[in-house]
Protein chains: 2
Amino acid sequence: MLRGDITVAIRNAVMTELAEVGYGRLSIEAVARRAGVGKTAIYRRWSNKLEMVMEIISDVAERKVPLPDTGSFSGDLALLLMIVSTALRHRMASQIIPDLMAEAARNPQISETLQRALRTHQQAVGEKLIGQAVARGELPDGTDPDVAVDMILGPLYWRLAVARQPIEDDYLEKFTIAVTAALKATG
Amino acid sequence: MLRGDITVAIRNAVMTELAEVGYGRLSIEAVARRAGVGKTAIYRRWSNKLEMVMEIISDVAERKVPLPDTGSFSGDLALLLMIVSTALRHRMASQIIPDLMAEAARNPQISETLQRALRTHQQAVGEKLIGQAVARGELPDGTDPDVAVDMILGPLYWRLAVARQPIEDDYLEKFTIAVTAALKATG
DNA sequence: CTACGACGTAACGGTTGCGTTCCGCCGTTT
DNA sequence: AAACGGCGGAACGCAACCGTTACGTCGTAG
């Protein structure tokens with residue numbers, strides 16, 4: 001039986017290496033070195049780098065994000081923005097996600113894995129968020145959840161993961177107001 | 001004197017390699033191979049990979065984007081969205097930019113170069129766009145150009161370069177309306 | 001107490017790329 | 001005609017990593 005503590009050490013090492021050097025430069029030897037294990041322990045579990053990273057990433061990505069339900073759209077939105085912006089400020093997310101996204105542009109298997117992880121997931125959040133708001137009459141009937149997700153996640157991702165500018169205290173507040181107005185206007 | 005046609009061949013090869021394998025896996029030997037050139041021709045021009053890529057990227061990025069000035073904010077915005085979305089649909093942009101962005105998270109020199117290229121530039125566009133609109137009374141006085149740029153570029157970048165979903169015919173139209181409403185609301 | 005199996009270490013041959021050097025070719029300059 | 005210099009090609013020694021194998025250790029299950 002494979003030892004669980006070794007598996008955990010490897011998983012952690014992979015995440016750290018991913019954040020530090022990215023998928024392209026990640027090497028099995030470096031992972032083994034960092035995890036303090038032999039290469040053999042890794043090859044006993046996965047047959048190559050791609051398989052290893054995909055399995056580990058899928059696992060991490062499948063952890064459920066709590067669907068916001070505060071009773072009002074502006075409350076839901078504010079909460080969602082808080083959750084996402086906090087997540088994106090962590091090294092794990094802000095380094096690994098853009099890196100894998102760039103990699104996904106070249107590797108169909110990575111692309112597919114991330115699509116499942118991100119789209120399925122965050123799309124579900126968007127649909128619930130918008131659905132609730134429409135049901136409550138806070139947003140017009142025809143509001144497109146797809147556009148809404150772009151309007152909500154896009155700017156945050158851009159600012160935190162791409163432009164890498166800090167967000168000031170009142171940014172999320174301003175942003176909540178702006179997004180609400182934007183979505184009301186598209187109906 | 002270094003031969004100009006050789007330099008051009010190398011520059012093109014670098015861009016193509018960047019799009020195909022990314023910065024991390026880009027090798028001088030592959031560039032030379034693709035350009036049909038000896039490695040010596042490359043080392044005669046740049047002393048290493050980073051210097052080479054940075055010089056070439058800076059050069060490309062510094063090409064001016066025409067500042068929109070159609071006479072109305074919605075016209076300016078629609079034009080800007082058109083320009084950016086067209087650019088982001090090209091392989092050159094949609095592969096290279098996310099890749100270098102991810103790389104910039106690790107390499108300060110790349111980060112700095114891209115900051116100059118992107119921020120200075122697109123921030124200037126944003127400030128002009130918003131400034132004109134405010135001057136015309138189309139947007140409220142306190143409109144933050146910084147937030148505006150996030151609201152405009154973020155969703156487009158997210159959808160085209162990250163989520164890699166297509167944009168439908170009426171998407172930009174809907175989006176223009178949404179952004180206008182959003183910015184009016186933040187004043 | 002024995003057998004099993006996962007472990008770390010070390011080494012294997014092979015590949016790729018680094019940055020450098022030397023060579024002979026060839027067009028341009030003088 | 002001769003000198004110069006950029007060129008491609010080939011090879012250098014070095015380093016990293018690939019995926020695999022052999023070996024000896026050690027904890028645990030039987």
Side-chain angles (χ1 to χ4, degrees), chain A residues 1-57 59 95-96 99-100 102-103 106-110 113, chain B residues 1-57 59 95-96 99-100 102-103 106-110 113:
Chain A
M1 204 50 208
L2 297 173
R3 268 171 56 185
D5 57 333
I6 303 273
T7 304
V8 169
I10 297 173
R11 297 180 106 88
N12 291 338
V14 167
M15 293 304 283
T16 309
E17 280 293 307
L18 268 185
E20 233 167 64
V21 305
Y23 178 83
R25 289 204 199 76
L26 180 140
S27 77
I28 301 277
E29 311 225 351
V31 170
R33 237 177 285 133
R34 182 182 295 272
V37 305
K39 276 200 294 179
T40 43
I42 296 180
Y43 280 109
R44 220 170 275 127
R45 289 166 172 77
W46 303 280
S47 63
N48 56 52
K49 170 170 130 180
L50 178 60
E51 192 185 301
M52 173 182 72
V53 172
M54 287 302 92
E55 203 251 38
I56 292 175
I57 288 292
D59 201 68
Q95 303 252 41
I96 294 181
D99 180 82
L100 288 180
E103 203 62 36
R106 292 179 201 100
N107 188 319
Q109 194 169 342
I110 295 183
T113 301
Chain B
M1 205 52 209
L2 298 173
R3 270 170 56 185
D5 56 334
I6 303 273
T7 304
V8 169
I10 296 173
R11 297 179 105 87
N12 291 339
V14 167
M15 293 304 283
T16 309
E17 281 292 310
L18 268 186
E20 231 167 67
V21 305
Y23 178 84
R25 289 204 198 76
L26 180 140
S27 78
I28 302 277
E29 311 227 350
V31 170
R33 240 177 282 134
R34 182 183 294 273
V37 146
K39 275 200 296 179
T40 44
I42 296 179
Y43 280 109
R44 220 169 273 125
R45 289 168 172 77
W46 302 279
S47 62
N48 55 53
K49 170 168 129 181
L50 178 61
E51 191 185 302
M52 174 181 73
V53 172
M54 287 302 92
E55 203 251 37
I56 293 175
I57 288 293
D59 201 68
Q95 303 254 41
I96 295 181
D99 180 81
L100 289 180
E103 203 63 34
R106 292 178 202 103
N107 187 320
Q109 193 168 343
I110 294 182
T113 302

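Numbered from 1 within each chain, the chains take letters A, B, ... in sequence-line order. For clarity, every value in this text was computed on a predicted model and none was experimentally measured.
- Between A:K49 atom NZ and D:dT20 atom P the separation is 16 Å, expressed in whole Å.
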Legend entry - Sequence-aligned protein contact record of nucleotides 1-15 of chain C, with B where the base is within under 4.0 Å of a protein heavy atom and S where only the sugar-phosphate is: ----SSBBB------
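- Checked by atom type and distance alone, the side chain of A:R34 never pairs as donor or acceptor with a backbone atom of A:V14 at under 3.5 Å.
- Rounded to whole angstrom, the span from the CG atom of B:D5 across to the C1' atom of D:dG6 amounts to 11 Å.
- Of all non-hydrogen atoms in B:M54 and B:Q109, the two that sit nearest each other are SD-O, 4.2 Å.
- Distance alone, capped at 3.5 Å, places no donor-acceptor pair between the A:K39 side chain and the A:I28 backbone.
- Counting any heavy atom pair closer than 4.0 Å across all strands shown, B:R25 reaches no nucleic acid atom.
- One can place CD1 of A:I42 at 12 Å from P of D:dC17, the figure rounded to the nearest angstrom.
- For the pair A:M52 CE and D:dC17 C1', the computed distance is 13 Å after rounding to whole Å.
- The shortest non-hydrogen separation linking B:R3 to B:R45 is O-NH2, 3.1 Å.
- Computed from coordinates, the A:W46 CH2 to D:dC18 C1' distance equals 18 Å when rounded to whole Å.
- Between the CG atom of A:N48 and the P atom of D:dC17 there is a distance of 17 Å, given to the nearest Å.
- In this structure, B:Y43 places its OH atom 18 Å from P of D:dC12, rounding to the nearest Å.
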Inset, instruction - Begin with the C-alpha distance, continue with both residues' side-chain angles, and end with the deciding distance and a verdict on side chain to side chain contact (heavy atoms under 4.5 Å, CB included) for B:I57 and B:M15. - result: CA-CA 8 Å; B:I57 288 293; B:M15 293 304 283; 4.1 Å; yes
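- Here the C1' atom of nucleotide D:dC12 and the CD atom of B:E29 are 12 Å apart, to the nearest Å.
- In this structure, the side chain of A:D99 does not engage the main chain of A:A19 through any donor-acceptor pair within 3.5 Å.
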